[in-house]
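Single-structure report; data block below.
For ligands, and for the atoms within them, numbers begin at 1 and follow the listed sequence. What you see below is based on every heavy atom in this structure, not just the backbone, and it leaves out hydrogens, waters and symmetry mates.
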Amino acid sequence: MTTEPKTTMTVPPAKPAGPCAMVIFGAAGDLTKRLVVPALYNLTTGGLLPKEFALIGVDIADLTTDQWCQRLTDMMHSFLAGGGEFQPESINTDTWNSLLARTTYLRGDFGQEATYALLGELLQAAEQDHGTAGNVLFYLAIADRFFGPVAEKIAAADLADEQGGKRWRRVIVEKPFGHDVVSARALNAELLKVLDETQIFRIDHFLGKETVQSITAVRFANGFFEPIWNRDHIDHVQITVAETVGVERRGRFYEQTGALRDMVPNHLFQLLTMTAMEPPTGFDPDALRNRKADVLMAIPSVRPACAVRGQYGEGKVLGLPVRAYHHEPDVAADSPVETYVALKLEIDTWRWAGVPFYLRTGKTMSKRWTEIAIRLRGAPLSVFHGTGIAELAHNWLVFQIQPDEGISLQFQVKRPGQTVVLAPVKTSFAYKDWFPPEPNVGYETLIYDCMIGDATLFQSADMVEASWRIVQPVLDAWASETPADFPNYAGGSDGPAAADKLLADDGGRAWRPVGNHV
Ligand code: BG6
């Protein structure tokens, strides 16, 4: 076994995806320039983008190909100054230009058939000029109200037809995938009318995060987790996604959405299913996704009494003053929309019966901090009679997702000295100590996987519907009752007192302080 950090370890050579074109609907939008195109650049530098590749951007904005390319180039250069998810040390001009040389912009209205006719011509040209072999990945980086209509128009223009397997046509659908159980079902039905389930790739960018993917790898590549991974040894699980940012410029979107819809049935449930899933029978997409779906199916819908909502007031985040949510741009002064949510979930399986899973997420909190913390059951009996040690601290196994990625185990030792005094310590593994940083905005693996037809990291229709079903009673209850106490947590704090009460009333438990390592 290696005991040295493997920063120099060679990884198997990358295998580029097969020939294809990629069409981005929403080419002039933020997501495209901040994440999707930087991800394509990283795939190019990593040798994972095929040589036979063409990129077509579609949007209503009045741009030429040159103008779109210039915008993208400006954006790439602005990343060098820092601040975005993409933080390159330099941009390789040859690589970047090689990507631009295969790029075309199509100005078009998503609602007009003419747009799709022109797109068909461009795709044929791409096949001839760049050898894309007729394979196409459509990326819907657009407002969710367009998902169904655009898919329908793609199909109506014969662009979704896979010609009996001679070529592939796949569609990446961004979030939000519906806004409740009814709309999610309707969207699935709309898409499935014109596409096959195998052509639909419902993206959740949390699954593009390296540490999220590694949860399953760590669990199933090591024997020592399995014996303790159950109700006999685990007291409860806490999943935290705390953000320091507020709603930024997204007030209008957020007023329609709120923290529960924005984060829980998608991102937090992904973390939950990876933690709670049964071992799959193999590592193929269906095996993994079915086991994750099983977890969601086994979670009863949450009773509103097991949910807490919060909204930030003014405060200080990382030393800087922040305004209250209801003073944010495009937000109503008396907005009832939650920016924080805490839930208690149960999983009705033999493995997890009686083990609560507590989930919380919020904006404008004290620290940017995402972790899955598993509290193990305490020692069966304290043997420290007469030592003054009244209570034993808890043992925690923590998967740290962001900002520092790693795994830690927290336990107690005897403090050196003549008297018996215990101290909590932790032993940790940090990704950055073992592996060189990879340029990654989180979309690379997802786009690559879609190109190679691997749906493991994408959500299936039943997973999406089950997720909405679980939170639906809370959505309904919150829509019908205006919260009386908003704002109920200060910006820069760890959330509302009611969330602490949720755990305290449930076996005297407490949240881990956000960002506290031990
Ligand atoms: C998005 C939400 O899906 O995820 C945002 O809409 C949130 O509100 C973001 O800030 C968090 O993602 P990340 O990768 O920054 O942790």
Side-chain angles (χ1 to χ4, degrees), residues 26 29-32 34-36 38-39 42 79 82-87 139-144 147 172-179 202-213 215 239-272 274 309-312 317-318 322 325 328-331 335 337-341 359-372 399-405 438-447 457-459 464 467-468 471 491 514-515:
D30 240 32
L31 178 67
T32 299
R34 280 195 311 112
L35 295 164
V36 180
N42 284 338
F79 291 134
E85 283 80 353
F86 183 41
Q87 297 179 342
Y139 196 120
L140 308 190
I142 49 181
D144 57 329
F147 293 160
I172 293 187
V173 186
E174 263 295 335
K175 79 179 258 280
F177 198 94
H179 49 90
R202 300 172 191 81
I203 201 165
D204 183 318
H205 82 275
F206 260 50
L207 290 177
K209 293 182 195 285
E210 202 56 60
T211 350
V212 176
Q213 291 168 35
I215 299 169
I239 300 181
T240 299
V241 180
E243 298 186 90
T244 49
V245 291
V247 289
E248 301 175 298
R249 290 174 296 130
R250 302 161 73 216
R252 192 162 298 138
F253 159 80
Y254 210 78
E255 282 283 272
Q256 306 296 319
T257 311
L260 178 52
R261 287 193 170 89
D262 190 34
M263 298 294 287
V264 177
N266 31 64
H267 305 328
L268 274 90
F269 279 9
Q270 290 304 327
L271 303 181
L272 170 80
M274 289 199 149
R309 56 181 155 169
Q311 188 191 82
Y312 59 85
V317 174
L318 306 172
V322 289
Y325 174 69
E328 299 279 16
D330 300 319
V331 169
S335 172
V337 170
E338 82 286 352
T339 60
Y340 173 99
V341 49
L359 276 52
R360 66 178 159 167
T361 181
K363 296 220 176 265
T364 315
M365 291 179 68
S366 58
K367 263 201 165 179
R368 178 168 188 249
W369 196 260
T370 301
E371 67 172 28
I372 301 166
F399 287 85
Q400 178 71 44
I401 312 290
Q402 54 193 19
D404 302 313
E405 306 174 321
E438 292 271 327
N440 193 343
V441 295
Y443 279 70
E444 292 78 355
T445 309
L446 297 170
I447 293 172
L457 296 175
F458 293 84
Q459 302 227 65
V464 171
S467 300
W468 283 113
V471 297
V514 172

Listed by chain and number, what are the ring pair (Phe, Tyr, Trp, His ring centres under 6.0 Å) partners of F206, not counting sequence neighbours? H267

Taking only heavy atoms of K175 into account, list the atoms of ligand 1 that are under 4.0 Å away from them. 1 (C), 2 (C), 3 (O), 6 (O)

Does ligand 1 have a heavy atom under 4.0 Å from the side chain of F206, from its backbone, from both, or from neither? side chain

Under 4.0 Å from any heavy atom of H267, which atoms of ligand 1 are there? 1 (C), 3 (O), 4 (O)

Using a 4.0 Å cutoff against the non-hydrogen atoms of K209, which atoms of ligand 1 qualify? 13 (P), 14 (O), 16 (O)

Taking side chain to side chain contact (heavy atoms under 4.5 Å, CB included) as the criterion, tell me which of V341, L268, I239, V514 meets it with R360. V514

Please check if the side chain of T32 supplies one atom and the backbone of G26 the other of a donor-acceptor pair under 3.5 Å. yes

Could you go through H205 and Y443, starting from their C-alpha distance and side-chain angles, then the distance that decides it, and tell me whether this counts as side-chain contact (heavy atoms from CB on, under 4.5 Å)? CA-CA 7 Å; H205 82 275; Y443 279 70; 3.5 Å; yes

If you measure from the Lys or Arg side-chain nitrogens to the Asp or Glu carboxylate oxygens, is any gap between R368 and E243 under 4.0 Å? no

Return yes or no for this condition: an N or O of Y254 is under 3.5 Å from an N or O of ligand 1. no

side-chain hydrogen bond (donor to acceptor under 3.5 Å, both in side chains) partners of E328, counting only residues at least two apart: Y312, R323

Which of the numbered atoms in ligand 1 are under 4.0 angstrom from any heavy atom belonging to D262? 2 (C), 5 (C), 6 (O), 8 (O)

Give the numbers and elements of all ligand 1 atoms closer than 4.0 Å to a heavy atom of K363. 5 (C), 7 (C), 8 (O), 10 (O)

